[in-house]
Every structure is written in structure tokens, then in C-alpha cells.
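Report on one structure; see the data block that follows.
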Number of protein chains: 2
Amino acid sequence: MRRDVFQAIADPIRRDIIELLAEKTLTVNSIAEKFEISRPAISKHLKILKECGLINYKKEGRERFCFIQPKNLIPAFIWIEKYRELWEDKLDSFDSYLNKLQSKTNQNE
Amino acid sequence: MRRDVFQAIADPIRRDIIELLAEKTLTVNSIAEKFEISRPAISKHLKILKECGLINYKKEGRERFCFIQPKNLIPAFIWIEKYRELWEDKLDSFDSYLNKLQSKTNQNE
DNA sequence: TATTTGCGTAACCGAATGATTACGCTTATA
DNA sequence: TATAAGCGTAATCATTCGGTTACGCAAATA
């Protein structure tokens, strides 16, 4: 069972949960109310987010408050950030492919 | 079949392919040589990357050159970027959860 | 022209994913 | 103390995922 940040944020519901928790700490039930799926399904998503270190719990009585741990998004951020230069330099599209190919060819081979 | 950037970069092999193509345009076979899995498996990953707009092909003879389209990483970048402020403000960990909870309580309710 | 190369794709398979229902355990409340 | 509320988890299921092998086709080459 792979369990990393990339896999955690691959699911749209889990991304939505993160968005919710970024605003406010919420109990499991109050999260579940915002989605169409069942509460146990939400519990599972929360478990995955917890295992990936993106959220944590704080128990208060019979309630479980979930809060975000945004720091653990950093690895994913760093990975994507590497390519920022590429897209900002417009090294994209077919034209740039040609440019790139030509310059590579001229320089390297 | 969900097919978006987040799902595309969820797989470590696909991330590695993107890393390779960020440096250099490569044929399908030359990509496959860098991994332990079979060429058809690589073809499938490439197909997914293509469907998500992260790469494209250019046919030359019987070879198929793959090149990156980094622009389509931007939506994922933007999504994560939203939380940068959160982790930079150290609104993380149990302590900050408590701070947040208290300030929320004082201000809102 | 016969063969090799580069590749896509179909068929198949086991494992993972995401959902459900059913149940049980704590904790709060009537 | 009986009941309700808040939650986790087990069992189950259909679907998706990621891999394989087998095959076929177009383009290059002998």
C-alpha cells in the first residue's frame, strides 16, 4: 500500500477535505456532512490523510477534531516547483519542442 | 476513469518520466530502458500522461519522441501553493492547532 | 523482398481503491 | 441507568490500477 503525499492528494475528496481544514478545525461528522458519501468513507479518507501526515486529530470528549498539517505538502510542492522554470520560460508546446530539439542537437551531438 | 494532473503525478514512475522529459526529449524505447518494467507498461504510463496533457508526441519515422508540456502542471501547483502561507506561518503542529482553536473561539463565537 | 525495429494495444491478472452496510465501543445526555 | 451521539473498523463488493505476455502493424534495413 503506497502512502505518500502525491497519492493522498490524488483523490478529489481528500483535496476538498484539506481545503475545508485549511479554514477551520472540524470534527469528523461535520466534515462528513459536507459530502455525499457516507461517514465511514470519510473516516477512511481521514485515515489516509493522517497516515500521510497531512492532518492530525485531537480528541475532545466523544468528538474528534481534525486539523491540517500543511507542512507535509511541501515535498509535493517542491517537486512541482522544479518545473515552474520550464513553464514560465514557455518551454512548452510543439514550437518549443522543436527549439529545444534543435539546440540540444547543436550543442550536444 | 478519472484523468487529471493529480492522478497523473500520483504514480512515482510517471513522476520519474516527467523528470526525464524535463531534461530531454526521448523516444518511447529510450524511456523504457531507464526503468525495470516492460515497454508496454511504459506505453501505458505515457498514454496517461498524454491524456492529462503533461506530455505530447512527435512522430519521426518509426520513432515517437515524447516531450513535456509543463504548463499543465500549473493547476496542481496552484492548488498546493494555496497552502504555502499556512506552512510558512507555521500554522502547523499541535501547538499551532491550539493557538488556532483558541483564536477562532475568541474571535468568532 | 524478407527481416528487424519501434511501437500500440488487446487480453489477462492480482492487488489496490473507494464505496457500502453492519456492528461495537466510548462518551454524553435524558 | 437507558439511550443517543460520535466515531472506528470489519466484511464485502465493484471498479480501477499497474503490470505482464502475445500479437500486429508501419517504417527502416539487409
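In what follows, chains are A, B, ... by sequence order, proteins preceding strands, each numbered from 1.
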Between protein and nucleotides 18-23 of chain D, what N or O pairs are separated by less than 3.5 Å?
| residue | atom | partner | partner atom | Å |
| --- | --- | --- | --- | --- |
| D:dG18 | OP1 | B:Asp11 | OD2 | 3.2 |
| D:dG18 | OP2 | B:Arg14 | NH1 | 3.2 |
| D:dG19 | OP2 | B:His45 | NE2 | 2.2 |
| D:dG19 | N7 | B:Lys44 | NZ | 3.3 |
| D:dG19 | O6 | B:Lys44 | NZ | 2.2 |
| D:dT20 | OP1 | B:Ser38 | N | 3.4 |
| D:dT20 | OP2 | B:Ser38 | N | 2.7 |
| D:dT20 | OP2 | B:Ser38 | OG | 2.4 |

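Rounded to an integer number of Å, the gap from CD1 of B:Ile42 to P of C:dT9 is 15 Å. The CZ atom of A:Phe65 sits 17 Å away from the P atom of D:dA5 (whole-angstrom rounding). Atom CG in A:Leu26 sits roughly 14 Å away from atom P in D:dG6 (whole-Å rounding). Summarising the geometry, the separation between CZ on B:Phe6 and P on C:dG18 is reported as 15 Å, rounded to the nearest angstrom. Rounded to an integer number of Å, the gap from B:Leu46 CG to C:dT9 C1' is 14 Å.
A:Lys82 is listed as a side-chain neighbour of B:Glu19, based on a closest heavy-atom distance under 4.5 Å. Annotation: side chain of A:Ile9 is in contact with side chain of B:Ile80 (closest heavy-atom distance under 4.5 Å). Two residues are said to be in side-chain contact when any heavy atoms from C-beta on lie closer than 4.5 Å; B:Phe6 and B:Trp79 meet this criterion. A heavy-atom distance below 4.5 Å is found between the side chains of A:Ile55 and A:Leu21.
Considering all non-hydrogen atoms of both residues, A:Ala10 and B:Gln7 come closest at CB-CA, 4.3 Å.
A donor-acceptor pair is defined here as one N or O able to donate and one able to accept, closer than 3.5 Å; such a pair exists between the side chain of A:Arg14 and the backbone of A:Ala8.
If you check distances only, the side chain of B:Arg62 does reach the base of C:dT5 with a donor-acceptor pair under 3.5 Å.
Between A:Asn29 and the phosphate of D:dA5, there is no side-chain N or O to OP1/OP2 separation shorter than 4.0 Å.
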